[in-house]
> 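Okay, here's the structure, questions in a sec.
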Amino acid sequence: MREIQAPKGVSEYFPPRSQYFEFVRETLITAAKVSGYQLIELPVFEDTDLFKRGVGESTDVVSKEMYTFEDRGGRSITLRPEGTAGVMRSVIENNLDKLTLPIKVWYSGAFFRAERPQAGRYRQFYQVGIEAIGLNDPEIDFEVIAVADRAFKALGLNSYRLDITSLGDSASRASHRKDLLIFLDSLNLDEATKARAAINPLRLFDDKREDIQKAMAKAPLLLDYLSPESADNFARVQELLTNAGIAFTINPRMVRGLDYYTGTTFEFVSDKLGAQSGIGGGGRYDGLMAELGGNDLSGIGFGLGVDRILLACEAEGLFDSTEVKSELELFVIALSAEQKSYVSNLVNDLRNQGINCDMAYGDRALKGSMKSADKSGARFSVVIGSDEIDSGNVALKDMKTGSIKEVRISALSVEVKAN
RNA sequence: GUGGUCGUAGCUCAGCUGGUAGAGCACUCGGUUGUGGUCCGAGAUGUCGCGGGUUCGAGCCCCGUCGAUCACCCCA
């Protein structure tokens, strides 16, 4: 019989590395919370049409990377490939846009794309994202970018950069597109490249081949076609970033893969990763809500890739410490089998009193039990034999210093909490 | 989806021109009666990713397959 293995391309986090995954995710979430974002928890599967209309049928994500299936009621269901569309759907459906604006929410969870796996590119991946909806104001563009940057700095990341650009409003994009298509027509492109250009001509800007790069050097840039308002907005965002000391690079050749982006658009890129180096990105989306049948509100948000950020942190050596991170405060050991049930009861009582504790299981010799105590990462340990039960006194051992303190068993919880 | 590389104990890997497997770390036990992290000793562990083929004989060769990885593509 064949051994069952995990589906292709999924990432799994288990001890001890899971603690770092958790730390990264919680740090990202904290950055959102402290800026006034509130949790929105959504289904991981949605009506397929939500993504077709929201993300855009011409995108690679929708056209060839979605996990789509028919449910038992004959509905077409898709595992969410990104977070923004679902948030919009929920905002519209639950009338959140009728309340005070802007709506500021954060989310965290798994997303799915059927791509060829690679380090940092998984078929089930994790994102933390925020959305600020209902306000088209450079201040909030700045805020969103600053939340991400603060999160990265809180993690201790150094080797990353922020690329920003503006995709302008629809008029800006239309006039640029016209000129760009004329320009591309003048190039001698192969069929595959032509096909890519037909779907989204901007794609050619980040083609990695040298000859294409060279040819595109003379291509008209969207930034030069911005309407006065778009240009003003973009200038203001830059000013705010500069004042806040957030370094950025204007990258007019940046391309985003989802159709809904407009205006301010940004990407965080780690230079410690390989080809999958984008650790987060986002931007403004003007027409998305209206497209999905809601009010015509603008919004801006980002998605941060937890898997990749974890890889980046590891690549920067932020988690090199061999120290065990543990929530445990106390580890209790029964000297012999006779004290097992006593210890079991004691640990249960201590847990009821809010002490994080664990005990030695099985019939190991004291030496083995002490090893377990050591590995558990608990701050204190206690050995209980018949003497301790008779006298009611135990030797509370500090596992770091090795020092021992005589304590009443009844005072264990107080003593542990005090230290 | 396209192309390249790789797949041996829990982990990192070694295995000479084909003769049915080893190291380090980790793990378990012990170093005389009740205290871990150092040191010393002993021990357990693998259908050599899976399936087929060539061969007297394959971890080493061939084909397929699954998976990982690198680049393209795409993006978090």
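Order of the sequence lines sets the chain letters (A, B, ...), proteins ahead of strands, with each chain counted from 1.
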> Can you give the donor-acceptor pairs under 3.5 Å from side chains of residues 10-18 of chain A to other protein atoms, not counting sequence neighbours?
| unit_1 | atom_1 | unit_2 | atom_2 | d |
| --- | --- | --- | --- | --- |
| Ser11(A) | OG | Asp307(A) | OD2 | 3.1 |
| Tyr13(A) | OH | Asp307(A) | OD2 | 2.6 |
| Arg17(A) | NH1 | Glu314(A) | OE1 | 2.8 |
| Arg17(A) | NH1 | Glu314(A) | OE2 | 2.9 |

> Expressed in angstrom and rounded to an integer, what is the separation of Leu396(A) atom CG from rU35(B) atom C1'?
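Value for this atom pair: 13 Å.
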> I'd like to know if the side chain of Glu316(A) and the backbone of Asn158(A) have a donor-acceptor N/O pair within less than 3.5 Å.
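Yes; judged by distance alone, with no hydrogens or angles, the pair exists.
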> In whole Å, measure the gap between the P atoms of rA21(B) and rC25(B) for me.
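Looking at atom P only, rA21(B) and rC25(B) are 23 Å apart.
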> For a quick test of your reading: what N or O donor-acceptor pairs under 3.5 Å do the side chains of residues 140-151 of chain A make, sequence neighbours left out?
| unit_1 | atom_1 | unit_2 | atom_2 | d |
| --- | --- | --- | --- | --- |
| Asp141(A) | OD1 | Arg284(A) | NE | 3.1 |
| Asp141(A) | OD1 | Arg284(A) | NH2 | 2.6 |
| Asp141(A) | OD2 | Thr264(A) | OG1 | 2.7 |
| Glu143(A) | OE1 | Lys104(A) | NZ | 3.3 |
| Glu143(A) | OE2 | Tyr37(A) | OH | 2.6 |
| Glu143(A) | OE2 | Lys104(A) | NZ | 2.8 |
| Asp149(A) | OD1 | Tyr160(A) | OH | 2.7 |
| Asp149(A) | OD2 | Lys153(A) | NZ | 2.6 |
| Arg150(A) | NH1 | Ser35(A) | OG | 3.3 |

> Mind running ring pair (Phe, Tyr, Trp, His ring centres under 6.0 Å) on Phe21(A) and Tyr126(A) for me, showing each step along the way?
CA-CA 10 Å; Phe21(A) 177 85; Tyr126(A) 297 85; 5.3 Å; yes
> Between rU45(B) and rC39(B), how far apart are the two P atoms, rounded to whole Å?
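After rounding to an integer number of Å, I get 25 Å for this pair.
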> With the sugar-phosphate defined as primed atoms, P, OP1 and OP2, and the base as all remaining atoms, what B/S/- string results for nucleotides 67-76 of chain B, 5' to 3', for protein heavy atoms under 4.0 Å?
SSSSSBBBBB
> Quote, to the nearest angstrom, the P distance that separates rU38(B) from rA26(B).
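Nearest-Å result for rU38(B) against rA26(B) at atom P: 7 Å.
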> Starting at CG of Asp398(A) and ending at P of rU35(B), how long is that distance when rounded to a whole Å?
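Computing the Asp398(A):CG to rU35(B):P distance gives 18 Å.
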> Kindly say whether, by distance alone, the side chain of Asp374(A) makes a donor-acceptor pair under 3.5 Å with the base of rG36(B)?
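By the distance-only test, yes, there is a pair.
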> Can you check the distance between rA44(B) and rG24(B), where both ends of the measurement are the P atom (answer in whole Å)?
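Those two atoms are separated by 15 Å.
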> List in chain and number order the residues that pass side chain to side chain donor-acceptor pair (under 3.5 Å) with Ser172(A), two or more places apart in sequence or in another chain; answer none if no residue qualifies.
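Testing Ser172(A) for side chain to side chain donor-acceptor pair (under 3.5 Å), a comparison that skips the adjacent residues, returns Asp169(A).
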> Dump every N/O contact between nucleotides 27-32 of chain B and the protein below 3.5 Å, one line per pair.
| unit_1 | atom_1 | unit_2 | atom_2 | d |
| --- | --- | --- | --- | --- |
| rC27(B) | OP1 | Lys375(A) | NZ | 2.6 |
| rU28(B) | OP1 | Arg364(A) | NH2 | 2.9 |
| rC29(B) | OP2 | Arg364(A) | NH2 | 3.3 |
| rG31(B) | O6 | Lys367(A) | NZ | 2.5 |

> Please list, chain by chain and in numerical order, all residues satisfying side chain to side chain donor-acceptor pair (under 3.5 Å) with Asp286(A), sequence neighbours excluded.
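Here the qualifying residues are Thr262(A), Ser298(A).
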> On a whole-Å scale, what distance lies between the C1' atoms belonging to rC56(B) and rC66(B)?
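It works out to 32 Å between them.
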> By the 4.0 Å heavy-atom rule, please label Glu388(A) as base, sugar-phosphate, or nothing.
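Base contact.
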> So, using side chain to side chain donor-acceptor pair (under 3.5 Å) as the criterion, who are the partners of Asp390(A) when residues are at least two apart?
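Not a single residue meets the side chain to side chain donor-acceptor pair (under 3.5 Å) criterion with Asp390(A).
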> Considering only the C1' atoms, how many Å lie between rU8(B) and rU20(B), rounded to the nearest integer?
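Here rU8(B) and rU20(B) have their C1' atoms 14 Å from each other.
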> With sequence neighbours excluded, what pairs up with Glu338(A) under the side chain to side chain donor-acceptor pair (under 3.5 Å) test?
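Ser336(A).
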> With sequence neighbours excluded, tell me which residues meet side chain to side chain contact (heavy atoms under 4.5 Å, CB included) with Tyr361(A).
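Side chain to side chain contact (heavy atoms under 4.5 Å, CB included) check on Tyr361(A) returns Arg351(A), Asp358(A), Met359(A).
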> Could you write out RNA chain B as dot-bracket? Rules: Watson-Crick or G-U wobble, both distances under 3.5 Å, brackets [ ] for crossings, | for pairs with another strand, dot for unpaired.
(((((((..((((........)))).(((((.......))))).....(((((.......))))))))))))....
> Quote, to the nearest angstrom, the C1' distance that separates rG36(B) from rU28(B).
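One C1' to the other, the span is 16 Å.
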> Using atom P in both nucleotides, what's the gap between rU55(B) and rC62(B) to the nearest angstrom?
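Rounded to whole Å, the distance is 16 Å.
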> How about Glu210(A): does its CD atom have over 12 heavy atoms from other parts shown lying under 6.0 Å from it?
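No - once you tally the heavy atoms of other residues, nucleotides and ligands closer than 6.0 Å, there are 12 at most.
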> Taking only residues two or more places apart in sequence, or in another chain, which ones meet Ala411(A) in a side chain to side chain contact (heavy atoms under 4.5 Å, CB included)?
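Side chain to side chain contact (heavy atoms under 4.5 Å, CB included) list for Ala411(A), sorted by chain: Val407(A), Arg408(A).
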> Enumerate the residue pairs fulfilling ring-ring contact (aromatic ring centres under 6.0 Å, His included) with a member in residues 380-419 of chain A, sequence neighbours excluded, ordered by first and then second residue.
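Found none.
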> Rounded to whole Å, please give me the gap between CZ in Arg379(A) and C1' in rG37(B).
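Taking atom C1' of rG37(B) as the reference, CZ of Arg379(A) is at 18 Å.
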